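Because the structure is predicted, anything quoted here is derived from the model rather than measured.
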Amino acid sequence: MKFTKQDLLTLLIGLFLFTSCKNTNTIGFDPDPEFAIKGTLEDGVTVATTTVPDEVTSTIAMPRHPLGFINADPIFGNTEASLAMAVTLPAASYYTFGTNAAIDSAVLVLPYSTQFYGDTTTSVYSFNVQQLKDNLSLQKNFQSNKEWPVETTVLGTFTGKIQPKTPAKITDIVTGAADTLKTVVPQIRIKLSNAFIQNNIMNLDSANRSTNNKFSNVFKGLHVSVNKAGSTGKGGIIFFGFTGADANVEIYYKKQNASTASVTDTVAVKFPISASTGPVAATIKHDYAGTPVKAQLDAPNPTTPYQVTYLQAMAGVRNKIAFPDLKDFVTRVKAGNANAKIVVNRAELVVNLNAGTDVAPFVAAPRLALYKIDIAGQRKNIPDNDAPTSTGGGDPYRYAGSETLFGGFYDTTNKRYVFTVTAYIQDLINGATEDYGTYLAPSSLTEYNLTPSVTSAARAVINTKSIPTGQKGIKLNIYYTRIAE
């Protein structure tokens with residue numbers, strides 16, 4: 001990178017100049033006064049926000065997958081998530097059940113993941129398991145709005161409360177030895193139809209169990225959906241993990257002992273459900289009918305500005321934001337001197353939560369994403385969150401330095417989210433980038449979601465510029481230095 005003398009002078013002045021303007025503020029978190037960076041604060045640039053639908057997105061190759069039903073949320077209505085999953089062989093090739101094999105029981109095991117959202121105290125959850133009509137392994141479209149055809153027969157049901165953090169205890173079958181009680185990861189266990197497993201897995205001929213491709217042609221996969229009639233309470237969205245070895249169809253059966261025909265062995269075998277060996281996909285539905293979210297989606301530009309806007313994960317709704325006064329700010333600060341420069345020492349977007357909208361079980365989203373779209377409509381990180389990599393990436397001098405420094409995490413004390421947007425605002429001021437669209441959306445707590453988040457189900461209600469008395473609206477703080485030439 002090359003710097004001219006003018007560039008270096010601008011950079012140094014921008015970092016260390018102490019101005020004497022009437023509205024001067026210290027930047028940073030409790031800095032040493034001797035080294036504090038100061039600048040003029042401009043906090044009057046309007047931030048316009050509009051609630052808009054998020055986009056459908058792919059639901060495979062995710063760290064966790066959603067299942068559940070949020071019932072009659074007064075703000076966001078109903079949200080439903082179901083799962084389609086491929087089941088594979090215990091090994092890469094043929095598995096034999098032995099002589100005179102007869103099923104004892106079969107269980108679908110779904111291990112809990114993190115980031116459950118909703119009620120675990122009073123709500124009762126009910127799920128149905130059915131077989132898919134189409135071979136999931138051959139599908140190409142795994143978008144979040146895709147509905148999967150299923151056979152009508154229900155193969156298994158679960159009804160009860162959920163305990164996402166409580167380890168389960170099961171009987172461990174040990175062939176040729178005493179069974180033992182074993183503690184396993186927190187999970188839901190759904191008993192499956194013995195007849196179905198016997199006929200559709202155990203009784204298959206050896207050719208259909210010789211490879212995963214042949215097996216999936218006859219055993220097309222399973223679908224787990226919400227049984228609304230059996231569910232009660234406000235509900236929630238549960239996330240399950242399919243990246244390890246804990247999700248399976250577990251089959252317990254008896255067979256003739258290979259050495260002694262009169263002896264029967266009890267055997268347990270696991271048919272894996274893993275995102276690394278077969279697809280796992282989610283279907284997500286939102287019903288905003290009769291909610292304030294629906295009212296804003298239907299009328300995004302009212303005569304009287306809305307006092308709040310809405311954000312919901314699960315490819316729900318996001319906010320399009322804009323800075324319509326930024327050009328006027330530049331004109332005003334330059335005060336007729338076209339050669340004057342505005343150096344942004346720091347800029348931060350402060351997003352304030354609407355009071356009373358972070359009440360359990362539907363608490364405020366723990367994290368938000370902030371991104372832009374380019375001229376082709378593709379989502380891009382703003383430069384403050386564009387981390388440099390060994391293969392390229394962003395500019396290290398413009399990157400905020402870390403996800404924590406970029407921000408977007410919920411501040412439970414001040415009920416807000418704060419983003420560092422210094423480089424982005426500088427680019428907009430300089431005309432180095434065009435604002436083709438800037439967006440706020442919920443993100444997973446543990447991984448930043450540039451694409452629509454379906455690994456979190458959280459939501460947030462944020463204040464706009466037009467807010468009730470005593471509540472702060474969304475705000476852009478620009479700490480800047482004017483350099484006259």
Side-chain angles (χ1 to χ4, degrees), residues 54-70 79-88 108-118 120 127 136-137 139 141-146 148 162-168 184-188 221-224 236-248 270 272-284 311-316 318 363 365-371 379 381 385 387 389 402-404 406 408-410 441-460:
D54 212 336
E55 300 171 320
V56 297
T57 188
S58 173
T59 63
I60 59 170
M62 300 191 303
R64 67 194 71 85
H65 285 75
L67 173 67
F69 183 65
I70 292 177
T79 299
E80 181 180 351
S82 58
L83 290 175
M85 59 195 77
V87 180
T88 56
L108 173 62
V109 180
L110 302 176
Y112 293 112
S113 185
T114 59
Q115 304 190 40
F116 167 81
Y117 189 77
T120 60
F127 304 115
L136 190 67
S137 298
Q139 304 305 306
N141 175 13
F142 298 97
Q143 296 292 82
S144 53
N145 62 348
K146 180 175 175 61
W148 302 95
I162 63 166
Q163 298 176 305
K165 296 183 179 180
T166 303
V184 293
V185 299
Q187 57 191 234
I188 284 180
L222 296 176
H223 187 265
V224 187
I237 301 296
I238 312 160
F239 289 90
F240 294 97
F242 298 95
T243 58
D246 295 312
N248 301 278
K270 297 178 179 179
I273 301 170
S274 172
S276 63
T277 57
V280 178
T283 300
I284 299 165
L311 307 165
Q312 186 186 28
M314 303 280 284
R318 55 180 173 163
V363 297
R367 188 180 189 183
L368 298 182
L370 175 66
Y371 58 89
R379 300 185 185 210
N381 284 314
N385 194 38
T389 66
S402 68
E403 290 187 351
T404 301
F406 173 62
F409 295 92
Y410 183 51
S443 176
S444 166
L445 178 63
T446 51
E447 62 274 339
Y448 181 83
N449 298 123
L450 186 61
T451 56
S453 175
V454 289
T455 56
S456 167
R459 46 48 151 214

Under 3.5 Å donor-acceptor, Thr455 side chain and Ser444 backbone:
no

Could you tell me whether the side chains of Ser276 and Ser274 share a donor-acceptor contact shorter than 3.5 Å?
yes

Verify the ring-centre separation between His65 and Phe242: is it less than 6.0 angstrom?
yes

How long is the gap from NZ on Lys146 to OG on Ser144, to the nearest 0.5 Å?
12.0 Å

Taking side chain as C-beta onward, heavy atoms only, is Pro186 less than 4.5 Å from Thr166?
no

Note: Tyr371 and Ala441 closest approach over all heavy atoms is CE2-CB, 4.3 Å

Check the pair Phe69 / Thr79 against side chain to side chain contact (heavy atoms under 4.5 Å, CB included), numbers first and verdict last.
CA-CA 6 Å; Phe69 183 65; Thr79 299; over 6 Å; no

Residue pair Phe240, Ile188: steps toward the side chain to side chain contact (heavy atoms under 4.5 Å, CB included) verdict:
CA-CA 9 Å; Phe240 294 97; Ile188 284 180; 3.7 Å; yes

Nearest heavy-atom contact between Ser58 and Met62 is O-SD, 4.3 Å

Can you tell me if Glu55 has over 12 outside heavy atoms packed within less than 6.0 Å of its CD?
yes

Between Ile60 and Phe142, what is the shortest heavy-atom contact and its length?
CG2-CG, 3.5 Å

Asp246 backbone acceptor or donor facing Asn248 side chain under 3.5 Å
yes

Could you check Tyr448 against Glu403 for side chain to side chain contact (heavy atoms under 4.5 Å, CB included), going step by step and ending with a plain yes or no?
CA-CA 8 Å; Tyr448 181 83; Glu403 290 187 351; 4.0 Å; yes

pair Ser443-Leu368: side-chain heavy atoms closer than 4.5 Å:
no

State, with a plain yes or no, whether a side-chain heavy atom of Ile237 is found less than 4.5 Å away from one of Glu80.
no

To the nearest 0.5 Å, tell me how far Leu222 CG sits from Ile273 CD1.
6.0 Å

Shortest non-hydrogen pair, Ala84 vs Trp148, comes out as CB-CD1, 3.8 Å

Does any part of the side chain of Pro66, heavy atoms only, come nearer than 4.5 Å to the side chain of Met314, both counted from C-beta?
yes

Would you check if Val454 and Ile284 make a side-chain contact, meaning some heavy-atom pair closer than 4.5 Å?
yes

List the steps and the verdict of side chain to side chain contact (heavy atoms under 4.5 Å, CB included) for Asn145 and Thr283.
CA-CA 6 Å; Asn145 62 348; Thr283 300; over 6 Å; no

4.5 Å side-chain heavy-atom contact, Tyr117 and Ile238:
no

Could you check whether Arg64 and Tyr112, counting side-chain N and O atoms only, form a donor-acceptor pair closer than 3.5 Å?
no

Is there a side-chain contact between Gln312 and Arg318 in this structure, where contact means two heavy atoms from C-beta onward sitting under 4.5 Å apart?
no

Working note: Asp54 + Arg379, criterion salt bridge (charged side-chain N to carboxylate O under 4.0 Å, His left out); need CA distance, chi angles, decisive distance, verdict.
CA-CA 12 Å; Asp54 212 336; Arg379 300 185 185 210; 2.7 Å; yes

Taking Thr88 for the side chain and Thr277 for the main chain, is one N or O donor matched with an acceptor at less than 3.5 Å?
no

How close do Ala313 and Ser456 get, heavy atom to heavy atom, and via which atoms?
CB-O, 3.2 Å

So how far is it from Ser113 OG to Leu67 CG, rounded to the nearest 0.5 Å?
13.0 Å

Under 3.5 Å side-chain donor-acceptor pair for Gln143 and Thr59:
no

Please find the pair of heavy atoms, one from Pro111 and one from Gln187, that lie closest to each other, and give the distance.
CA-CB, 3.9 Å

Answer yes or no: is there a side-chain heavy-atom contact under 4.5 Å between Leu83 and His223?
no

